[in-house]
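Since the structure comes first, as C-alpha cells, the remarks are kept for the end.
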Amino acid sequence: NKLDDPLITAIVDGTLRNHGTRLSVLNLRKTCIGAVAGEALARLLRSNHSLEVLDVRNNPELAAAGTALATALRENAETRMRNLHLGNTGLGPAAGEALAVLLRSNQSLEKLVLDYNPQIGDAAGAALAQALQANAESKLRELQLDGTGLGPAAGAGFAELLRSSRSLEILLLYDNPELGGCLGAALSDTPWANAASRLRELWLNGTGPGPAAGAGLAELLRSSRSLELLDLDQNPELGDAAGAALAQALQANAESRLRTLYLSSTGLGPA
C-alpha cells in the first residue's frame with residue numbers, strides 16, 4: 001500500500017484529538033511514508049497509552065525520524081509498546097544511540113526489530129548491548145540486528161549481555177560479517193555462568209567466526225540449559241576442529257535442550 005505523509009499526519013492528529021481511541025496495533029509496513037509522517041508518529045508515541053505494536057518496516061525514507069521515535073517512546077512513562085518494528089528504515093548511528101538510551105530504562109518493549117539498517121554500525125550496536133545489560137528490569141525477549149554493520153565492539157558487548165541477561169530469548173545477528181569472530185572469542189574468555197539465561201535462539205549466519213570463535217561457541221553449548229537453536233550457516237572459516245568441539249560440547253551437556261543446529265558451509269571435515 002502506498003500512503004502519503006499528509007494522510008498519516010491526519011490519522012495521527014485525529015487519534016490524538018480523540019482521547020477515547022484505544023489503538024493497539026498500527027501497521028504501516030512498506031507504505032512509502034517519510035520524515036513528515038515519522039514526526040507525526042513521534043508525536044503519537046510521546047503521549048499514547050494504548051499502542052502496543054508499531055510496524056513501519058521497509059520505509060527507507062523514515063531515516064530522519066528514527067531518533068525522534070526513540071526519544072518520544074523514552075519520554076512516555078506510560079507507554080505500553082511491546083513490539084517495535086523498524087527494519088529497513090534507513091536508520092543510522094544517531095538513531096541507534098537514541099534507541100540504546102531508550103533500552104536503558106524501558107520496561108515495556110518485548111521485541112525490537114532493527115534489521116537491514118547497515119548504517120547503524122558497530123558503536124551503536126555496542127551501545128544497545130550495554131543498555132540492555134544495564135537495565136535489570138528490561139522485558140526484551142527478541143532483538144533482531146541482522147545486517148546492521150556490527151563489528152568487534154558489538155561482538156564483545158553482546159557476549160557480555162549473553163552472560164548476564166535474564167530476559168533475552170531470541171537474538172538475530174546474521175549478515176554482520178565483521179561480528180562473529182569477536183562474539184565467539186569473547187564468549188571463550190570466561191566460562192559461561194548464566195544459569196538464569198533464557199536464550200533459546202542465536203542466529204549467527206554469515207557473521208564470520210573462525211576456529212578461535214568456535215571454542216567460545218562450544219563453551220556456550222557445553223553449559224547452556226536453554227538454547228534450542230544455533231545457526232552458524234555460511235561461515236566457511238569456522239573449520240573442522242571447531243565443528244568437532246561443538247559436537248563434543250553437546251555430548252558433554254546432559255541437560256542440553258538444543259534441537260536445531262545449522263552448520264552448512266562451515267568448513268567441516270573428518271574430525
Side-chain angles (χ1 to χ4, degrees), residues 28-35 37-39 41-42 54-71 73 83-104 109 111-133 140 142-162 168 170-186 201-210 213 231-238 262 265-266:
L28 296 171
R29 186 189 315 177
K30 204 173 183 180
T31 49
C32 302
I33 56 177
E39 293 295 335
L41 290 170
L54 175 62
D55 189 343
V56 293
R57 282 176 286 185
N58 298 324
N59 288 296
E61 299 304 315
L62 269 179
T67 299
L69 292 171
T71 302
L73 268 181
N83 296 351
L84 181 59
H85 301 263
L86 298 171
N88 188 27
T89 51
L91 303 184
E97 295 286 351
L99 286 162
V101 175
L102 168 67
L103 291 182
R104 193 169 288 273
L109 275 175
K111 180 175 181 177
L112 178 59
V113 179
L114 301 175
D115 58 344
Y116 296 102
N117 287 297
Q119 299 305 313
I120 285 179
D122 192 30
L128 291 167
Q130 292 160 4
L132 285 172
Q133 193 174 6
L140 198 74
E142 181 171 348
L143 179 59
Q144 297 187 20
L145 284 168
D146 24 313
T148 50
L150 306 185
F158 279 105
E160 288 301 316
L161 175 63
L162 292 180
L168 196 62
I170 300 172
L171 181 58
L172 282 76
L173 299 173
Y174 57 83
D175 290 342
N176 286 294
E178 303 301 318
L179 172 74
C182 309
L183 175 63
E201 299 181 14
L202 180 58
W203 298 78
L204 296 173
N205 183 318
T207 54
D231 179 12
L232 295 172
D233 278 358
Q234 308 303 318
N235 289 302
E237 300 302 317
L238 190 63
Y262 294 113
S265 298
T266 50

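Here the structure is a predicted model, which means the values were calculated and not measured.
Going from atom OG1 of T67 over to atom CG of L91 covers 8.0 Å, rounded to the nearest 0.5 Å. One distance of note links OG1 of T89 with CG of L28; it measures 12.5 Å at 0.5 Å rounding. Considering CG of L232 and OH of Y174, their distance stands at 14.0 Å, rounded to 0.5 Å. Atom-to-atom distance recorded for L204:CG and L179:CG is 7.0 Å, nearest 0.5 angstrom. Expressed to the nearest 0.5 Å, how far CG of L73 lies from CG of L99 amounts to 8.5 Å. Here the CD1-CG distance, from I120 to L150, works out to 8.0 Å after rounding to the nearest 0.5 Å.
Contact annotation: the side chain of I33 approaches that of L62 to within less than 4.5 Å [non-hydrogen atoms, C-beta and beyond]. By the 4.5 Å heavy-atom criterion applied to side chains, L171 and L161 are not counted as neighbours. Between L172 and D115, every side-chain heavy-atom pair lies at or beyond the 4.5 Å cut-off. For the pair H85 and Q144, the minimum side-chain heavy-atom distance is 4.5 Å or more. Within the 4.5 Å cutoff, the side chain of L114 has heavy atoms near those of the L128 side chain. With contacts defined as side-chain heavy-atom distances shorter than 4.5 Å, the pair V56/L86 qualifies. Using a 4.5 Å heavy-atom threshold, the side chains of L173 and D146 count as separate. Contact check for Y116 versus D175: side-chain heavy atoms found under the 4.5 Å cut-off.
Judged as a side chain to side chain contact (heavy atoms under 4.5 Å, CB included), and not counting sequence neighbours, the contacts of A127 are E97, A100. Legend: residues meeting side chain to side chain contact (heavy atoms under 4.5 Å, CB included) with D233, ordered by chain and number and at least two apart, are N205, D231, Y262, S264. For E61, the side chain to side chain donor-acceptor pair (under 3.5 Å) criterion is met by no residue, not counting sequence neighbours. With sequence neighbours excluded, no residue forms a side chain to side chain donor-acceptor pair (under 3.5 Å) with Q133. For N83, there are no side chain to side chain donor-acceptor pair (under 3.5 Å) partners two or more places apart in sequence or in a different chain. Residues passing the side chain to side chain donor-acceptor pair (under 3.5 Å) test with D55 are R29, R57, sequence neighbours excluded.
Heavy atoms only, all atoms of each residue included: C32 and N59 are closest at N-OD1, 2.8 Å. The minimum heavy-atom distance between A65 and G38, with the atom names listed, is CB-CA, 3.5 Å. Listed here is the closest heavy atom pair of A124 and P93: CB-O, 3.9 Å. Listed here is the closest heavy atom pair of G125 and F158: O-CE1, 3.7 Å. Shown here for N235 and P209, the closest heavy-atom pair between the two residues is OD1-CD, 3.0 Å. Closest approach of A68 to A42, counting heavy atoms only: O-CB, 3.8 Å.
Looking only at distances, a side-chain donor or acceptor of N176 sits under 3.5 Å from a matching main-chain atom of L145. Judged by distance alone, the side chain of N117 and the main-chain N or O of G90 form a donor-acceptor pair under 3.5 Å. Side-chain atoms of N88 never come within 3.5 Å of backbone atoms of N58 as a donor-acceptor pair (strictly under, hydrogens ignored).
More than 12 non-hydrogen atoms from other residues, nucleotides or ligands lie less than 6.0 angstrom from CD of E201. Open room surrounds CD on E237; 12 or fewer heavy atoms of other groups in view lie less than 6.0 Å from it.
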(request) Apply side chain to side chain contact (heavy atoms under 4.5 Å, CB included) to the pair L140 and L112, showing each step before the final yes or no. (result) CA-CA 8 Å; L140 198 74; L112 178 59; 4.1 Å; yes
